[in-house]
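Worksheet for the structure shown next.
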Amino acid sequence: MASVDIVSVHKHFGTTHVIRGIDVAIADGEFCVLVGPSGCGKSTLLRMIAGLEEIGEGEIRIGGRVVNRVPPKARDVAMVFQNYALYPHMTVRDNMSFALMLAKTAKAEIARHVDRAAGILGLGDLLDRYPRQLSGGQRQRVAMGRAIVRDPQVFLFDEPLSNLDAKLRVAMRTEIRELHQRLKTTSIYVTHDQIEAMTMADTIVVMRDGIVEQTGAPLDLYDRPANTFVAGFIGSPTMNMLAGVARRDGASPRVSLAAGGDVLAPVATDDGREVLYGIRPEHLALGDPSSGLPGEVVVVEPTGADTQVVCRVGGQDLIAVLHDRVACRAGDRVGLRPDASRAHLFDRGSGARLAA
Ligand SMILES: Nc1ncnc2c1ncn2[C@@H]1O[C@H](COP(=O)(O)OP(=O)(O)OP(=O)(O)O)[C@@H](O)[C@H]1O
Ligand SMILES: [Mg+2]
């Protein structure tokens with residue numbers, strides 16, 4: 001196991017600057033998730049750690065050793081890809097043995113590693129099958145097995161679950177977490193699924209356009225997003241954002257909303273400052289129209305466990321997620337009451353969080 005340090009790393013493809021100065025320090029044994037929209041540079045960064053892509057500028061260190069010029073094989077990392085990249089003409093056992101055979105590992109030792117990995121992943125009965133004879137989830141496990149047999153310092157995962165159906169994805173998510181708890185191997189996991197990131201990570205790195213927007217523990221990002229991008233990316237359904245103007249005329253700071261009405265501000269800022277008031281759907285309650293922000297119910301969507309209610313407030317649609325079954329229907333007049341202690345305030349120009 002080893003720490004991974006990414007220090008001021010840049011990457012150009014031709015004239016396009018795709019990684020634009022990234023610093024991330026991943027501790028020994030940590031499970032770090034890189035998340036961000038398509039094209040933000042997640043795979044490129046992972047491939048640079050693996051040695052599959054040259055590092056344009058800056059430094060990557062694995063276990064304290066600079067690896068910029070170390071070939072992939074000598075980096076002691078194992079990568080699991082989205083499409084599994086299994087060899088179709090080889091059995092599961094041979095797929096898992098292959099890297100060790102190339103490394104001229106002794107036969108008995110290979111067998112020992114493969115049996116151990118097969119045991120961990122529940123592949124014992126499938127060792128003589130070919131990839132085409134496996135389900136998607138089983139193939140995914142073989143791809144993981146191929147990484148495990150090498151007993152690397154670092155695991156790199158590039159969207160390994162994106163080809164699986166929703167149910168299997170949730171199950172495999174748990175399996176990968178359990179595996180990490182067992183092996184404690186430093187892991188870097190790429191996804192664009194924020195729920196995967198929230199549930200699996202010790203640390204999440206939110207990327208956009210080749211830079212890091214915020215790094216932190218999942219609940220830190222949820223509770224204190226550094227800007228409107230992270231606020232919108234983490235959490236589902238996404239945070240409601242209302243444009244407004246901060247006021248500090250009264251005893252407590254307030255925000256006058258462009259959609260009409262006003263709310264208690266979570267933090268005091270300059271009088272007249274243009275702000276965005278953020279409130280997550282799960283922190284909005286519905287009451288009668290005489291209290292809270294006046295709105296009209298547009299859609300009611302029960303999901304079973306809870307109910308999503310879309311309300312129109314001054315021409316803007318806000319989503320509320322309610323855990324109780326609700327009696328309201330489209331067309332009802334309601335009052336929306338944000339939980340002031342869970343609200344967020346951002347500068348409208350820069351998008352940066354305004355904190356006390
Ligand atoms: N070999 C390449 N040559 C030129 N441009 C590339 C190359 N590889 C990636 N890019 C560009 O670099 C940017 C980052 O790509 P990357 O694959 O790292 O994104 P990503 O965050 O992994 O996206 P996704 O979630 O869609 O997988 C994209 O704009 C992509 O078009
Ligand atoms: Mg990618």
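Remember, it's 1-based here, ligands and their atoms both numbered in the order they're listed. These numbers come from the heavy atoms of this one structure, side chains and all, not from hydrogens, waters or symmetry mates.
- Interface atoms of ligand 1 facing Glu159, defined by a heavy-atom separation under 4.0 Å, are 25 (O), 27 (O).
- The hydrophobic clustering, which links ILVMFWY residues whose side-chain heavy atoms are closer than 4.5 Å, places Val70 and Leu156 together.
- Residue contacts to the Mg ion (ligand 2): Ser43 brings an N, O or S atom closer than 2.8 Å.
- Neither the backbone nor the side chain of Met207 has a heavy atom within less than 4.0 Å of ligand 1.
- Considering Asp158, Thr44, Thr191 only, the shortest heavy-atom separation from atom 15 (O) of ligand 1 involves Thr44.
- Ser38 OG, 2.5 Å is the protein heavy atom nearest to atom 26 (O) of ligand 1.
- Salt-bridge annotation for Lys107 and Glu109: absent, with no side-chain N of the basic residue lying under 4.0 Å from a carboxylate O of the acidic one.
- When only interatomic distances are considered, the shortest N/O to N/O separation between Gly41 and ligand 1 falls below 3.5 Å.
- At a heavy-atom distance under 4.0 Å, only side-chain atoms of His192, from C-beta outward, approach ligand 1.
- Distances from ligand 1 to the non-hydrogen atoms of Gly36 include no value under 4.0 Å.
- Of the protein's heavy atoms, none falls inside 4.0 Å of atom 30 (C) of ligand 1.
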- Message: Does Asp271 form a salt bridge (charged side-chain N to carboxylate O under 4.0 Å, His left out) with Arg247? I'd like the steps, not just the answer.
- Response: CA-CA 5 Å; Asp271 195 41; Arg247 285 199 341 253; 5.9 Å; no

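- Note: the hydrophobic cluster containing Ile22 does not contain Ile204 (ILVMFWY, side chain heavy atoms under 4.5 Å, direct or indirect links).
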- Message: Quick one, Asp339 with Arg280, criterion salt bridge (charged side-chain N to carboxylate O under 4.0 Å, His left out). Give me CA distance, side-chain angles, the key distance, then yes/no.
- Response: CA-CA 9 Å; Asp339 175 350; Arg280 294 196 185 278; over 6 Å; no

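- Nearest-heavy-atom check against atom 13 (C) of ligand 1 across Ile19, Val18, Asp209 picks out Val18.
- Atom 25 (O) of ligand 1 has as its closest protein heavy atom Lys42 NZ, 2.8 Å.
- Closest to atom 17 (O) of ligand 1, if we only count protein heavy atoms, is Ser43 CB, 3.7 Å.
- Taking any N or O of Gly39, backbone or side chain, at least one lies under 3.5 Å from an N or O belonging to ligand 1.
- Ion pairing between Asp223 and Arg342 holds under the 4.0 Å rule for side-chain N and carboxylate O.
- Using bins of under 30°, 30° to 60° and over 60° for the plane-to-plane angle, the ring pair His10/His17 lands in the parallel bin.
- Looking at atom 1 (N) of ligand 1, its nearest protein heavy atom turns out to be Phe13 CE2, 3.6 Å.
- For the pair Arg177 and Phe31, the distance from NZ or CZ to the six-membered ring centre is under 6.0 Å and the angle to the ring normal is within 45 degrees.
- A cation-pi contact links Arg146 to Tyr87, judged by a cut-off of 6.0 Å to the six-membered ring centre and 45° from its axis.
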